[in-house]
Amino acid sequence: MSTPVMTAVQKKSIRPLLVVSWICRIAAAVILLQTLFFKFTAAPESVYIFTKVHAEPWGRIGSGVVELIAAVLILIPRTVWAGALLGLGVMAGAIVSHLTVLGVEVMGDGGLLFGLALIVFCSSTVALVLHRTQIPVIGRRF
């Protein structure tokens with residue numbers, strides 16, 4: 001099998017997309033990993049949130065595990081698509097919970113948790129779009 005040769009023009013047009021991809025992936029992973037401390041140590045904010053949505057403690061621990069997996073997968077070049085999809089799913093749940101049960105502001109945080117969920121959601125979306133061709137079976141059609 002031969003590898004396609006890229007021209008200098010193609011390489012220059014891909015480089016900015018690669019930078020955007022890494023920025024989005026690192027931002028999402030850092031936020032996802034940072035929140036794990038609060039979930040796994042049963043910080044009062046996390047316990048409050050998951051109690052309010054009737055998912056304490058298993059929802060808190062389970063979402064923490066899924067977020068850890070998503071953060072790792074989104075940083076590995078071959079599995080960006082899987083990490084981005086997991087990140088989208090978890091953050092969609094968080095955003096819906098904020099909009100329906102919790103409210104944008106939780107325990108006087110000024111909407112910080114809601115904002116972080118939006119950042120991860122948007123970053124994961126961009127990463128997924130940029131790496132959509134890596135998705136098995138259906139990726140080549142996009």
Main-chain N/O of [Y] paired with [X] side-chain donor or acceptor, under 3.5 Å:
X: Ser21; Y: Leu17; result: no
X: Arg25; Y: Trp22; result: no
X: Ser124; Y: Phe121; result: no

* Decide yes or no for Cys24 and Val20: does some side-chain heavy atom of the first lie under 4.5 Å from some side-chain heavy atom of the second? => yes
* To do: Would you check if Val80 and Leu73 make a side-chain contact, meaning some heavy-atom pair closer than 4.5 Å?
  => no
Determine the minimum heavy-atom distance between [X] and [Y], stating which atoms define it.
X: Phe40; Y: Val65; value: CZ-N, 3.7 Å
X: Phe114; Y: His98; value: CD1-CB, 3.4 Å
X: His131; Y: Trp81; value: O-CB, 4.2 Å
X: Val47; Y: Glu56; value: CA-OE1, 3.7 Å
X: Phe50; Y: Ser63; value: CZ-OG, 3.3 Å
X: Glu67; Y: Met91; value: OE2-CE, 3.8 Å

So, taking the atom named [atom1] in [X] and the one named [atom2] in [Y], what distance separates them when rounded to the nearest 0.5 Å?
X: Leu32; Y: Leu116; atom1: CG; atom2: CG; answer: 10.0 Å
X: Thr51; Y: Tyr48; atom1: OG1; atom2: OH; answer: 9.5 Å
X: Thr35; Y: Ile31; atom1: OG1; atom2: CD1; answer: 8.5 Å
X: Leu33; Y: Leu75; atom1: CG; atom2: CG; answer: 7.0 Å
X: Thr133; Y: Ile138; atom1: OG1; atom2: CD1; answer: 11.5 Å
X: Ile74; Y: Ile69; atom1: CD1; atom2: CD1; answer: 13.5 Å

* Is atom CZ of Phe37 surrounded by more than 12 heavy atoms (other residues, nucleotides or ligands) closer than 6.0 Å? -> no
* Audit row: Ile49, Leu113, side chain to side chain contact (heavy atoms under 4.5 Å, CB included) steps and yes/no -> CA-CA 11 Å; Ile49 288 168; Leu113 291 175; 3.5 Å; yes
* Asked: Are Leu128 and Ile135 close enough, and set up right, to give a side chain to side chain contact (heavy atoms under 4.5 Å, CB included), and what steps lead you there?
  -> CA-CA 9 Å; Leu128 185 60; Ile135 301 171; 4.0 Å; yes
* Transitively linked via ILVMFWY side-chain contacts under 4.5 Å: Leu99 with Leu118? -> yes
